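Nothing here was measured: the structure is a model prediction, and the numbers come from that model. Residue numbers begin at 1 in each chain, while the letters A, B, ... track the order of the sequences.
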2 protein chains.
Amino acid sequence: MSIDLQTAVVRRFNRSYTQRIGALEDSFLGMGAPLGTMRLLFEIGFRSGTVTDLRARTGLDAGYVSRQLKRLTEDGLVVLSTDPADRRRRLVELTALGRERWNELETRSAERAQALLEPLTDRQRGRLARALAEADLLVRAALLHFETVDPLSDGARSAVGRYVTELATLFPFAPGEPSERDAAELRAPSGRFVLAVDDGEPVACGGLRDLGDGVAEIKRMWVHPGWRGAGLATRLLRHLETLAAEAGHTRVRLDTNEHLEAAIALYQRAGYRQVDRYNENPDATHFFEKRLAGAPDGAAAPEDPGTYRGVVSSR
Amino acid sequence: MSIDLQTAVVRRFNRSYTQRIGALEDSFLGMGAPLGTMRLLFEIGFRSGTVTDLRARTGLDAGYVSRQLKRLTEDGLVVLSTDPADRRRRLVELTALGRERWNELETRSAERAQALLEPLTDRQRGRLARALAEADLLVRAALLHFETVDPLSDGARSAVGRYVTELATLFPFAPGEPSERDAAELRAPSGRFVLAVDDGEPVACGGLRDLGDGVAEIKRMWVHPGWRGAGLATRLLRHLETLAAEAGHTRVRLDTNEHLEAAIALYQRAGYRQVDRYNENPDATHFFEKRLAGAPDGAAAPEDPGTYRGVVSSR
DNA sequence: ACATATCGTTGACCGTAGTCAAAGAAATTC
DNA sequence: GAATTTCTTTGACTACGGTCAACGATATGT
């Protein structure tokens, strides 16, 4: 399928979906309060906290929010209180009535979705759900981006923690605590650590460290299990290679474990070739290397971006 | 997959898609004119005609449209002229400048869609496009509804015309012109003709006539080729059976041609059993009958709503 | 020919969403 | 302890989308 055709499909879908389903927000209408007010109520019900927090999440103007909250308070849907920790701040919470309304919004939204499914036969319903789940994963993945972060930041720690936990379930693997020394290797200028985050949750990560002689090593590459099959690992690998090339490296190495079959397949698809053991890592059984495009002694294999399902590199 | 799970998938998709893609309409913004004005411009560019027509298509208020058109005229984007056929009416058309702007909107919208695809690998792009195409078909189909119309109305004629044309390509089939006498049989109270329309185009049709003795006959069942595989034929068949039952019939018959294999499979899945020839129709080779649920001498086979691909009944 | 209906325009009006700046109260910095 | 910053509220204001009723011009039915 050509890119033009794909674009046309996305546009056609956009049109039928937004036109026919109407804005999702429509479910907020007809509840006696304007859309904006209900949207805020929904947001508060989703997670209550300070007004500042609420504003940050919604990106709305302070004055606007203040007035909406006033209205909601008058309607008895929320209560405002002073934050004891910082008495400038105010805390927002739903009242029992507010929670009731919130549930009503939830119900409406669910009914809306059911009304869409209802006319279809069982089989078509299943097909639609599968197609939307697939589209959802891919759309989310498409809009994700990799950010270079500090390897000891909360997000990085959380991602690496998950990575380690997952590896430990696949083969005997007992890493030490993440040390400052380990982390320093993955920090600029000689190293990198990239992270993709969705909704506050780490989704993928990977690190790069300098082995000297123009060689970079890829470390701690991981993709969240719920996000696999969307090409994230391929993109991540490519991203890391680009970062390595930008830092002046001409080759990338990595080690991995024989249990990580999907990862090995990924490396092979991406043009890595197996090499001899180049370190003492007891967890590693397989070693790979790739010459970066543009590097002298070129002959880098053409990339074949394929689907990948599974955990990635070891250590 | 349970209906609750399916509903959850739809809701999750709704949220990620509308939140992340933003309203499709956003591409109308930042063009120096408010959204509503641009939306109208887009609609005119899509198909120009009378103001009434435009209003009917958009569902907007007469006063509102009038003002928008005034603005667009002042900006030199459209021209208004009196309809020579009815001098109360006015014709709207884009100027060259208006067409230019319209193309700009198209470009923006396409860029938006491409930006979504761009980060994905080739393979994932293909997957997303396929998933969205599938979802598009099913969503459109789900929101379609069958309407009982006069068998000689424009829509019905158009649908039957397509049906006849299509049959003629599949086997020797030379029907006469649609006669008033034929049509009368498909008219209430003794008969029915149902039609599904999307965007002015006929998408599916089917008729019902009275054979006496509590038997109804299904005629001219057809689904638009571009809409096959979305369960429309199954739904249409079910709908016609319901209409027949409501009219007091206890059995439904139909004839078809051996070349229409998909149709025959559909009837069998839907619980029809083959019977002896019951008419002199030279185009028919196969004959089916089904006892309607609730009818005495019951034992109607359980329905298995399966996917259907192909033209439907003969004649 | 007259009554009636239709089509578009115009004026008056409304609520919603949102912006901006001023200001009071509380916290933090120096 | 004074100056500055942060958090929230309030008043003033704006554009936008939209509704309603009145009106003149044109068509249509009888």
Trainee: Calculate the interatomic distance between A/Q68 atom CD and D/dT9 atom P; express it in whole Å.
Mentor: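 The answer, rounded to whole Å, is 12 Å.
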
Trainee: Among D/dC16, D/dT8, C/dT16, which nucleotide sits nearest the side chain of A/R71?
Mentor: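 Nucleotide nearest to A/R71's side chain: C/dT16.
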
Trainee: When the distance from CG of B/L54 to P of C/dG8 is rounded to whole Å, what number comes out?
Mentor: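 Rounded to whole Å, this separation is 10 Å.
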
Trainee: I want to check one thing: is the phosphate of D/dT8, taken as OP1 and OP2, less than 4.0 Å away from some side-chain N or O of A/R55?
Mentor: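 True: A/R55 side-chain N/O within range (under 4.0 Å) of D/dT8 OP1/OP2.
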
Trainee: Walk along nucleotides 19-30 of chain D from 5' to 3' and tag each nucleotide B, S or - by protein heavy-atom contact under 4.0 Å, base first, then sugar-phosphate.
Mentor: BB-----BS---

Trainee: Can you tell me how far P of C/dA17 sits from CG of B/L35, to the nearest Å?
Mentor: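 In whole Å, C/dA17 P and B/L35 CG are 15 Å from each other.
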
Trainee: Is B/T52 near enough to C/dG8 that one of its side-chain N or O atoms lies under 4.0 angstrom from OP1 or OP2?
Mentor: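 Answer yes for this pair, as a side-chain N or O of B/T52 is under 4.0 Å from OP1 or OP2.
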
Trainee: Rounded to whole Å, please give me the gap between CZ in A/R89 and P in C/dG24.
Mentor: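 Interatomic distance, CZ of A/R89 to P of C/dG24: 22 Å.
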
Trainee: In whole angstrom, give the distance that lies between atom CD of A/E43 and atom P of C/dA17.
Mentor: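 The distance from CD of A/E43 to P of C/dA17 comes to 15 Å, rounded to the nearest Å.
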
Trainee: Regarding A/T37 and A/Q68, is there a side-chain donor-to-acceptor distance under 3.5 Å anywhere?
Mentor: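 Indeed, the side chains of A/T37 and A/Q68 share at least one donor-acceptor pair under 3.5 Å.
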
Trainee: Would A/Q124 and A/R127 count as a side-chain hydrogen bond (donor to acceptor under 3.5 Å, both in side chains) if you check the C-alpha gap in whole Å, the side-chain angles of each, and the deciding distance to 0.1 Å?
Mentor: CA-CA 5 Å; A/Q124 318 302 333; A/R127 277 177 58 197; 2.9 Å; yes

Trainee: Is any side-chain heavy atom of B/V51 closer than 4.5 Å to one of B/L69?
Mentor: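 In contact.
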
Trainee: If you compare all heavy atoms of B/M38 against all heavy atoms of B/L105, which two are closest, and at what distance to 0.1 Å?
Mentor: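 It is O-CD1, 4.0 Å.
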
Trainee: Using every non-hydrogen atom in the two residues, find where A/A156 and A/F193 come nearest and quote the distance to one decimal.
Mentor: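 Smallest interatomic distance, heavy atoms only, reads CB-CE2, 3.4 Å.
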
Trainee: B/R12: what forms a side chain to side chain donor-acceptor pair (under 3.5 Å) with it, not counting sequence neighbours?
Mentor: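 Partners of B/R12 by the side chain to side chain donor-acceptor pair (under 3.5 Å) criterion, ordered by chain and then number, come out as A/D136.
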
Trainee: Starting at CG of B/L69 and ending at P of C/dC7, how long is that distance when rounded to a whole Å?
Mentor: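 Whole-Å distance recorded here is 16 Å.
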
Trainee: Expressed as a whole number of angstroms, how long is the span from B/M38:CE to D/dC16:C1'?
Mentor: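 Nearest whole value for this atom pair: 14 Å.
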
